[in-house]
2 protein chains.
Amino acid sequence: MPKNCNFIEKLREVGLRPTKQRVKMCEVLYNREKTFHFTINDLVKLLSEKMNQKISLATVYNTVHAFEKKGYLKEISINSDKSYFDTNTSLHHHFYDEDTHELIDCDENDIDPVNIKKNITGKKINSVEVLVKVASDNQNQK
Amino acid sequence: MPKNCNFIEKLREVGLRPTKQRVKMCEVLYNREKTFHFTINDLVKLLSEKMNQKISLATVYNTVHAFEKKGYLKEISINSDKSYFDTNTSLHHHFYDEDTHELIDCDENDIDPVNIKKNITGKKINSVEVLVKVASDNQNQK
DNA sequence: CAACAGTTTAGAATTATTATAATGTAGATT
DNA sequence: AATCTACATTATAATAATTCTAAACTGTTG
């Protein structure tokens, strides 16, 4: 499987040991057309489906965080009881559907660059995230 | 105490029964110069300090959510293990200090209006939130 | 292939939050 | 002012997400 070799290389490049679990997670996360959004729970379900042997919940957490630290994944700021991650690590923003709890990517044409005129001494800006919360137009909003 | 009467009236206006606990929470939350940001835990600590009798954790949760539903408080979208609330319910954005986990208000001059060019059919925009994550400039970032 | 450091694992522990069921109380009604 | 009723509060239990732990395992290096 040439794809896997690719992932093994990529993992090595950022200094992560290409273990079975990590390579499998790469397959599940990156062998797809579009980038996608998920919670740990989503990912565990996907992995159990697509894998012969089982993977520990703790491993999924560890690996997701390892990927995040190395820039393979981005955590998305939504105030929810769960954490959301995104395989699209480029600078972009999100719509959050409050009815379905789905995340929708914005590409760079959807939202104009955000112009920040304030700066805090001694601090550098790590990220600028825009979250547009939407809900059904007819029914009553929260 | 004329302040409390004020709060009692305000609570009545939005259809919340002005119980001892709710009035006390109003005092703690709104008898201050600046708007402020807190987690449930922060608030519980503040309340236990400033109150003679104790208040149940469940009551703090219930009351915060009651206040949120009635527009007395706004929840802020940060991906954290805790929920953050803001006594400033007007449209504004935030800086989040990843070192200290502190929230800092932006006023309308700090960030230009965000121009959203995408719209999702059948959905209306409920809110647009910008979160600027900052961290110390010298030490290594996450 | 031996050794070591980093990983995985199951399960326990922790933390935030919500549910439950009994008791208390604000506000209306007598 | 006594009573009633619906809503609030409370302590505690339950749930859910996440992290910790300590033992077993596995890439990688030499």
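Ion pairing of B:Glu13 with B:Lys10 is absent here, as no side-chain N (NZ or NE/NH1/NH2) approaches a carboxylate O to less than 4.0 Å.
Checking the phosphate oxygens (OP1, OP2) of C:dT9, a side-chain nitrogen or oxygen of A:Thr59 falls inside 4.0 Å. Residue B:Tyr61 has a polar side-chain atom (N or O) positioned under 4.0 Å from OP1 or OP2 of C:dT17. Dashed line: the shortest gap from a side-chain N or O of A:Gln21 to OP1 or OP2 of D:dT26 is not under 4.0 Å.
Mapping B:Pro18 and B:Asn62 onto DNA chain C via the closest heavy atom, the residue that lands nearer the 5' end is B:Asn62. Ranked by how close their nearest DNA chain C nucleotide is to the 5' end, B:Ala58 and B:Lys20 are led by B:Ala58.
Looking at A:Asp112, A:Asp107, A:Asp110 one by one, the single match for salt bridge (Lys or Arg N to Asp or Glu O under 4.0 Å) with B:Lys118 turns out to be A:Asp110.
Using cut-offs of 30° and 60° for the angle between ring planes, the A:His94 and A:His92 rings count as perpendicular. Classification of the B:Tyr96-B:Tyr84 ring pair by plane angle, with boundaries at 30° and 60°, yields perpendicular. Note: B:Phe7 and B:Tyr30 have tilted aromatic rings, judged against thresholds of 30 and 60 degrees for the angle between ring planes.
In this entry the distance linking CZ of B:Arg12 with P of D:dA8 reads 13 Å, nearest Å. Between the CG atom of B:Leu57 and the C1' atom of C:dA19 there is a distance of 13 Å, rounded to whole Å. Atom P of nucleotide D:dT12 and atom NZ of B:Lys54 are separated by 8 Å, given to the nearest angstrom. If you take CG of A:Leu43 and C1' of D:dT18, they are 15 Å apart, rounded to a whole angstrom. Rounded to a whole Å, the CD atom of A:Gln53 is 14 Å from the P atom of D:dC25. In this entry the distance linking CG of B:Leu16 with P of C:dG27 reads 12 Å, nearest Å. One interatomic measurement links the two molecules: NZ of A:Lys69 to P of C:dG6, which rounds to 12 Å at whole-angstrom precision. As rounded to whole Å, 9 Å separates atom P of D:dT9 from atom CZ of B:Phe67.
Within 4.0 Å (heavy atoms only), B:Ser83 reaches sugar-phosphate atoms of the nucleic acid but no base atom. Among the protein residues, A:Ile55 comes within range of the sugar-phosphate backbone only, with heavy atoms under 4.0 Å from sugar or phosphate atoms but none that close to a base. At a threshold of 4.0 angstrom between heavy atoms, the contacts of A:Thr19 are confined to the sugar-phosphate backbone, with no base atom among them.
Closest approach to the A:Thr63 side chain among C:dT8, D:dT28, C:dA26 is made by C:dT8 (side chain taken as heavy atoms from C-beta onward).
With hydrogens and angles ignored, a donor-acceptor pair under 3.5 angstrom links the side chain of A:Arg17 to the base of C:dA5.
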